[in-house]
Amino acid sequence: MDSNSLKYGVFSFIIPGLGQYLNGDKPKGLGMFAAAVVLHIFIWFFMNNVLGSGVQTLYHLYAGFDAYRNY
């Protein structure tokens with residue numbers, strides 16, 4: 001396991017898209033960040049409950065795994 005892939009995975013788990021951006025896939029990173037912002041705003045206004053928290057957590061996990069896998 002490469003330490004950079006783990007580092008980028010953690011970065012992208014905390015801020016979706018950051019790991020992809022640092023990997024060099026800037027358009028995908030910016031797109032994932034924009035999607036995370038829209039998702040968080042939508043959940044804040046319409047699904048502010050346990051289900052919304054679960055959806056946010058799953059998206060963060062996906063973003064972290066994607067950055068880890070694609071390094």
Side-chain angles (χ1 to χ4, degrees):
M1 170 176 26
D2 188 10
S3 65
N4 282 336
S5 62
L6 183 61
K7 179 174 60 173
Y8 293 152
V10 170
F11 287 164
S12 201
F13 173 73
I14 295 170
I15 301 173
L18 181 59
Q20 288 82 358
Y21 188 84
L22 295 175
N23 273 344
D25 195 0
K26 294 181 185 344
K28 184 175 185 179
L30 292 173
M32 289 189 79
F33 179 74
V37 169
V38 169
L39 180 70
H40 284 270
I41 290 171
F42 178 81
I43 288 174
W44 178 265
F45 285 109
F46 300 109
M47 255 175 39
N48 199 4
N49 55 26
V50 175
L51 179 64
S53 296
V55 170
Q56 288 176 343
T57 302
L58 287 175
Y59 186 74
H60 281 260
L61 285 171
Y62 167 73
F65 178 71
D66 183 65
Y68 172 78
R69 182 181 47 141
N70 289 327
Y71 176 72

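Annotation for M47 and V55: closest pair CE-CG2, 4.0 Å, computed over non-hydrogen atoms. When every heavy atom of F13 is checked against every heavy atom of L61, the shortest pair comes out as CE1-CD2, 3.7 Å. Closest approach of D66 and K28 over heavy atoms only: OD2-NZ, 2.9 Å. When every heavy atom of S12 is checked against every heavy atom of A63, the shortest pair comes out as OG-O, 3.2 Å. Taking each heavy atom of I14 and P16 in turn, the nearest pair found is O-CD, 3.8 Å.
Applying the salt bridge (charged side-chain N to carboxylate O under 4.0 Å, His left out) criterion to K7, with sequence neighbours excluded, gives no partner residue. Judged as a ring-ring contact (aromatic ring centres under 6.0 Å, His included), and not counting sequence neighbours, F45 has no contacts. Remark: F42 pairs with F46 by the ring-ring contact (aromatic ring centres under 6.0 Å, His included) rule, at least two apart or across chains.
N70 and Q20 are not linked by any side-chain donor-acceptor pair at a separation below 3.5 angstrom, with hydrogens and angles left out of the test.
Separating the CZ atom in F11 from the CG atom in N4 is a distance of 9.0 Å, to the nearest 0.5 Å. Taking CG of L39 as the start and CD1 of I41 as the end, the distance is 10.0 Å to the nearest 0.5 Å.
Using a distance-only test at 3.5 Å, with no hydrogens or angles considered, no donor-acceptor pair links the side chain of N23 to the main chain of D25. Of the possible donor and acceptor atoms, one in the side chain of Y59 sits under 3.5 Å from a partner among the backbone N and O of M32.
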**Report entry** side chain to side chain contact (heavy atoms under 4.5 Å, CB included) between F33 and I15, worked out
**Finding:** CA-CA 7 Å; F33 179 74; I15 301 173; 3.9 Å; yes
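In the hydrophobic cluster analysis, where Ile, Leu, Val, Met, Phe, Trp and Tyr join through side-chain heavy atoms closer than 4.5 angstrom, L22 is grouped apart from F65. In the hydrophobic cluster analysis, where Ile, Leu, Val, Met, Phe, Trp and Tyr join through side-chain heavy atoms closer than 4.5 angstrom, L51 is grouped together with W44.
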